[in-house]
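For reference, the structure is listed below as structure tokens.
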Amino acid sequence: MKITRRKFVALTAMGGITLIVPSSKLTLAQARKETQMAYTAKDYSKLLGMEGFSETLLKNHFTLYQGYVANTNKLADTLAQMLKDGKAGTPEYAELKRRFGWEFNGMRLHEYYFENLGGKGVFDKGGKLAKKIAEDFGSYEEWEKDFKGVGTMRGVGWTVLYQDSMSGKLFNCWIHEHDGGHLAGCTPILILDVWEHAFMIDYGLKRPYYIASFFKNIDWKAAEARLK
Ligand SMILES: [Fe+2]
């Protein structure tokens, strides 16, 4: 069965799905596959009301995150179409390929960040993560000093507590923007957004105050569940 992309958009919109695609022909099976592959923005409205985070700041942040999801889908579709059209190897294709990692990481890092928030900041000092932190940093206090030190580095990006999947070792890393500085094959355990949009509405230039609020709201169980 062949349907036009325009018809498919109408059909999927009726079912609550929106897919923006050009009006060339594709089979229903292809269209279904594209829909399955598309990422959907998650709902983090349960975070509204967190101490130290205004509703305005959080709502702006959710909107920004939704933009990364939309752009990741858009880039994936555009690149797939360019490949079909024999445009791989062109400068345009190369630049969009470079851009893909930036948008994808912008989406995924926000998901890790929102998902390790909404807790009460209570760290289980006898837990698996506490033991691992003590093993690799000497103590929780030393780890926190290092993590906050990374979080207050000048620049725009993220602070990530990573676990090396091969050695199991933990590292606090600075990620430039969304894509610079990731450790290959490592698992993110705790993510802190230190782009200015994450705090300036509430804290101006006082980033350490924002980081203190972040610590009060960490969902340590969510972080610990990521540990191998
Ligand atoms: Fe952000």
Side-chain angles (χ1 to χ4, degrees), residues 13 16-20 37-78 96 98-122 144 147-162 172-182 188-223 225-226:
I17 307 161
T18 308
L19 186 68
I20 301 160
M37 285 174 70
Y39 290 100
T40 308
K42 297 179 185 177
D43 178 11
Y44 295 111
S45 56
K46 66 168 189 179
L47 297 179
L48 293 171
M50 265 193 313
E51 188 194 336
F53 289 77
S54 71
E55 191 173 316
T56 306
L57 181 137
L58 283 173
K59 284 189 171 172
N60 274 296
H61 212 165
F62 298 154
T63 305
L64 218 124
Y65 154 65
Q66 287 154 14
Y68 285 111
V69 178
N71 278 3
T72 298
N73 289 332
K74 193 173 175 183
L75 277 187
D77 287 349
T78 306
L96 287 183
R98 288 184 216 281
R99 182 83 186 175
F100 184 76
W102 195 85
E103 298 286 357
F104 181 94
N105 282 323
M107 169 183 75
R108 188 51 48 81
L109 287 166
H110 277 105
E111 291 171 351
Y112 278 116
Y113 169 70
F114 291 135
E115 284 163 27
N116 60 220
L117 275 171
K120 298 279 178 216
V122 182
E144 189 183 300
F147 189 86
K148 286 182 173 175
V150 177
T152 50
M153 278 167 58
R154 289 171 65 76
V156 171
W158 300 80
T159 305
V160 180
L161 167 62
Y162 258 131
N172 288 326
C173 293
W174 169 261
I175 307 304
H176 175 65
E177 294 199 352
H178 301 309
D179 49 348
H182 289 290
I189 307 297
L190 183 71
I191 303 262
L192 166 65
D193 190 340
V194 283
W195 280 65
E196 285 155 352
H197 64 252
F199 62 91
M200 277 197 90
I201 291 172
D202 290 347
Y203 296 95
L205 292 171
K206 294 173 182 164
R207 201 195 289 193
Y209 290 84
Y210 154 66
I211 295 176
S213 290
F214 168 82
F215 266 80
K216 282 181 193 161
N217 291 286
I218 293 176
D219 182 345
W220 280 109
K221 280 200 165 39
R226 297 168 182 163

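Residue indices begin at 1 and follow the sequence shown.
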Seminar exercise, completed: Quick note, salt bridge (charged side-chain N to carboxylate O under 4.0 Å, His left out) partners involving residues 195-204, not counting sequence neighbours, are none
Seminar exercise, completed: salt bridge (charged side-chain N to carboxylate O under 4.0 Å, His left out) pairs touching residues 101-116, sequence neighbours excluded, are K42-E115, R99-E103, R108-E111
Heavy-atom closest pair, residues [X] and [Y]:
{"X": "A198", "Y": "Y210", "answer": "O-CE1, 3.5 Å"}
{"X": "T152", "Y": "G149", "answer": "OG1-O, 3.3 Å"}
{"X": "S213", "Y": "G52", "answer": "OG-CA, 3.9 Å"}

Problem set entry | Verdict with reasoning, N217 to F53, per side chain to side chain contact (heavy atoms under 4.5 Å, CB included) | CA-CA 10 Å; N217 291 286; F53 289 77; 3.7 Å; yes
Can you name the residues that form a salt bridge (charged side-chain N to carboxylate O under 4.0 Å, His left out) with [X], not counting sequence neighbours?
{"X": "E177", "result": "none"}
{"X": "E55", "result": "K59"}
{"X": "R154", "result": "none"}
{"X": "K221", "result": "none"}

Exercise. Within the side chain of N105, is there an N or O that forms a donor-acceptor pair under 3.5 Å with the backbone of D179?
Worked result: no
Exercise. Is a side-chain N or O of R207 found less than 3.5 angstrom from the main chain of G151, in a donor-acceptor match?
Worked result: yes
For this session: Quick one: do H110 and W195 satisfy ring pair (Phe, Tyr, Trp, His ring centres under 6.0 Å)? Show the steps, please.
Result: CA-CA 11 Å; H110 277 105; W195 280 65; 8.0 Å; no
With a 4.5 Å limit on heavy-atom distance, are the side chains of [X] and [Y] in contact?
{"X": "Y68", "Y": "W102", "result": "yes"}
{"X": "I218", "Y": "L190", "result": "yes"}
{"X": "F147", "Y": "L192", "result": "yes"}
{"X": "C173", "Y": "W158", "result": "no"}
{"X": "P208", "Y": "I211", "result": "no"}
{"X": "F104", "Y": "H178", "result": "no"}
{"X": "N116", "Y": "W220", "result": "no"}
{"X": "H61", "Y": "D193", "result": "yes"}

For this session: Kindly write out the residues that satisfy side chain to side chain contact (heavy atoms under 4.5 Å, CB included) with T40, not counting sequence neighbours, or none if the list is empty.
Result: none
For this session: Tell me, please, which residues at least two apart from A222 pass side chain to side chain contact (heavy atoms under 4.5 Å, CB included).
Result: D219
Atom pair [atom1] ([X]) and [atom2] ([Y]), whose distance is rounded to the nearest 0.5 Å:
{"X": "N172", "Y": "K148", "atom1": "CG", "atom2": "NZ", "answer": "12.0 Å"}
{"X": "M153", "Y": "I175", "atom1": "CE", "atom2": "CD1", "answer": "9.5 Å"}
{"X": "E144", "Y": "L161", "atom1": "CD", "atom2": "CG", "answer": "12.0 Å"}

Problem set entry | Set of residues satisfying side-chain hydrogen bond (donor to acceptor under 3.5 Å, both in side chains) with respect to T78, sequence neighbours excluded | none
Exercise. Just checking, is any N or O donor in the side chain of H197 or N60 under 3.5 Å from an acceptor N or O on the other one?
Worked result: no
Those residues that, when tested against [X], pass ring-ring contact (aromatic ring centres under 6.0 Å, His included) (two or more places apart):
{"X": "Y112", "answer": "none"}
{"X": "H176", "answer": "none"}
{"X": "F62", "answer": "F114"}

For this session: Tell me, with the steps shown, if Y44 and Y65 meet ring pair (Phe, Tyr, Trp, His ring centres under 6.0 Å).
Result: CA-CA 10 Å; Y44 295 111; Y65 154 65; 5.7 Å; yes
Exercise. What do you reckon, is NZ of K74 surrounded by more than 12 foreign heavy atoms closer than 6.0 Å?
Worked result: no
